[in-house]
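Input: a single structure, listed below in structure tokens.
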Amino acid sequence: MRVLVVEDEEFLAGMIAEGLRRDAVAVDIAPDGPTALEKLRFGAYDVMILDRDLPGLHGDEVCRQVVGARLLTRILMLTAAGTVRDRVAGLGLGADDYLTKPFAYDELLARVLALGRRSRPALPPVLERAGLTLDTARRQVCRDGRFLALSRKEFAVLETLLRAEGAVVSGDDLIEEVWEEDTSYRTNAVRVTLSKLRTKLGAPPVIETVPGAGYRIGDGPVGRTGSGTAPLPGTGSTAPLPGTGSTAPLPGIGSGTSLPGTGSATP
């Protein structure tokens with residue numbers, strides 16, 4: 001999930017962003033209305049947390065323009081004005097939800113996650129595939145009943161792959177969903193995170209690399225999905241199945257191992 005925080009109070013914006021990032025949400029910050037509209041023009045956001053009382057271009061006008069552009073971004077409006085009339089007016093502009101300051105972070109998080117679910121096709125809060133169970137509400141992951149300790153980026157990558165329901169997710173799409181706007185695929189962030197995630201998920205592998213396309217989680221472990229690879233007896237490596245053009249690591253060479261004399265790493 002990707003969220004845009006539009007808040008002119010730098011400290012508050014930073015606190016919201018820090019909290020959401022701890023909960024595996026990618027966050028960008030805009031200090032004013034024009035900056036927010038510029039970011040929305042070039043980036044896709046599931047939720048926008050919008051301070052209604054922005055200086056310059058008012059939050060009401062930002063809300064009108066976002067709604068008028070028919071963006072799929074859900075709007076959570078923040079304001080210190082908490083009367084019924086204020087809330088009704090904010091919702092009347094097209095905001096999806098309304099939260100008054102001061103607020104509890106847990107309530108903010110719950111509202112953001114609920115709005116994020118509404119911006120996507122309906123899926124259950126617990127995602128299951130290939131022996132994996134991911135609970136989006138409790139932020140927990142287990143494989144075959146074994147709980148796994150994942151970083152927030154690892155959790156978000158796994159959630160994105162599970163939500164795809166077996167479809168291929170490109171590296172660019174993972175960047176869009178999980179990382180902030182200043183991240184480039186060239187930084188190797190996706191590959192490094194996927195490598196760590198695969199290690200924590202353990203064997204047999206469930207995340208498949210589709211050459212030239214991206215990554216997917218099939219119906220079962222990679223060696224059983226018809227991907228053209230199968231485990232070699234007594235090793236964790238894979239080799240091509242007869243009649244396929246697929247390639248695989250050489251026996252005894254694990255993921256990320258440097259080849260002698262090259263300094264290069266195997267995929």
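Keep in mind the model is a prediction, meaning the values are calculated, not measured.
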Taking side chain to side chain donor-acceptor pair (under 3.5 Å) as the definition, give me every residue that meets it alongside R41, ordered by chain and number, with sequence neighbours left out.
E38
Residue list, side chain to side chain donor-acceptor pair (under 3.5 Å) with S170, at least two apart or on another chain:
D173
Evaluate side chain to side chain contact (heavy atoms under 4.5 Å, CB included) for L57 paired with L37, printing each intermediate quantity in order.
CA-CA 10 Å; L57 186 65; L37 294 174; 3.7 Å; yes
From [X] [atom1] over to [Y] [atom2], what is the distance, rounded to the nearest 0.5 angstrom?
X	Y	atom1	atom2	result
K153	T193	NZ	OG1	8.0 Å
R139	L134	CZ	CG	7.5 Å
T133	L127	OG1	CG	9.5 Å
D28	Y45	CG	OH	3.5 Å
D46	L115	CG	CG	10.0 Å
L76	M48	CG	CE	10.0 Å

Is the backbone N or O of [Y] less than 3.5 Å from a side-chain atom of [X], with the two atoms forming a donor-acceptor pair by type?
X	Y	value
E7	E9	yes
R216	G166	yes
S195	R191	no

I'd like to check the salt bridge (Lys or Arg N to Asp or Glu O under 4.0 Å) partners of E10; sequence neighbours left out, ordered by chain and number.
none
Under the salt bridge (Lys or Arg N to Asp or Glu O under 4.0 Å) test, residues paired with R111 that sit two or more places apart:
D97, E107
Please determine whether side chain to side chain contact (heavy atoms under 4.5 Å, CB included) holds for the pair V62 and V6, giving the CA-CA distance in whole Å, both sets of side-chain angles, and the decisive distance to 0.1 Å.
CA-CA 10 Å; V62 175; V6 188; 5.5 Å; no
Can you confirm whether the side chains of R198 and T209 place a donor and an acceptor under 3.5 Å from each other?
yes
Atom of [X], atom of [Y] and distance for their closest heavy-atom approach:
X	Y	value
F103	T100	CB-O, 3.5 Å
T35	P31	CG2-CD, 4.0 Å
Y98	T79	OH-CG2, 2.6 Å
L161	Y215	CD2-O, 3.8 Å
R143	G202	NH1-O, 3.1 Å
L150	L158	CD1-CD2, 4.0 Å

Does some side-chain heavy atom of [Y] sit less than 4.5 Å from a side-chain heavy atom of [X]?
X	Y	value
L148	E154	no
M1	V112	yes
M77	C63	yes
L99	I49	no

Evaluate whether atom CZ of R146 has more than 12 neighbouring non-hydrogen atoms of other residues, nucleotides or ligands under 6.0 angstrom away.
yes
Under the criterion side chain to side chain contact (heavy atoms under 4.5 Å, CB included), which of D32, D8, D60 is the partner of L54?
D8
Taking it one step at a time, do T136 and R163 satisfy side chain to side chain contact (heavy atoms under 4.5 Å, CB included)?
CA-CA 11 Å; T136 59; R163 285 188 180 279; 3.8 Å; yes
Starting from the C-alpha separation in whole Å, work towards a yes-or-no answer on side chain to side chain contact (heavy atoms under 4.5 Å, CB included) for L93 and R52.
CA-CA 11 Å; L93 292 168; R52 188 176 184 185; 4.2 Å; yes
Check which hydrophobic residues are tied to V168 through side-chain heavy-atom contacts below 4.5 Å, counting indirect links as well, and list them.
V210
Show me, pair by pair, the donor-acceptor contacts under 3.5 angstrom made by side chains of residues 13-25, not counting sequence neighbours?
{"from": "E18", "atom 1": "OE2", "to": "R22", "atom 2": "NH1", "distance (Å)": "3.4"}
{"from": "R21", "atom 1": "NE", "to": "E180", "atom 2": "OE2", "distance (Å)": "3.4"}
{"from": "R21", "atom 1": "NH2", "to": "V27", "atom 2": "O", "distance (Å)": "2.8"}
{"from": "D23", "atom 1": "OD2", "to": "Y105", "atom 2": "OH", "distance (Å)": "2.8"}

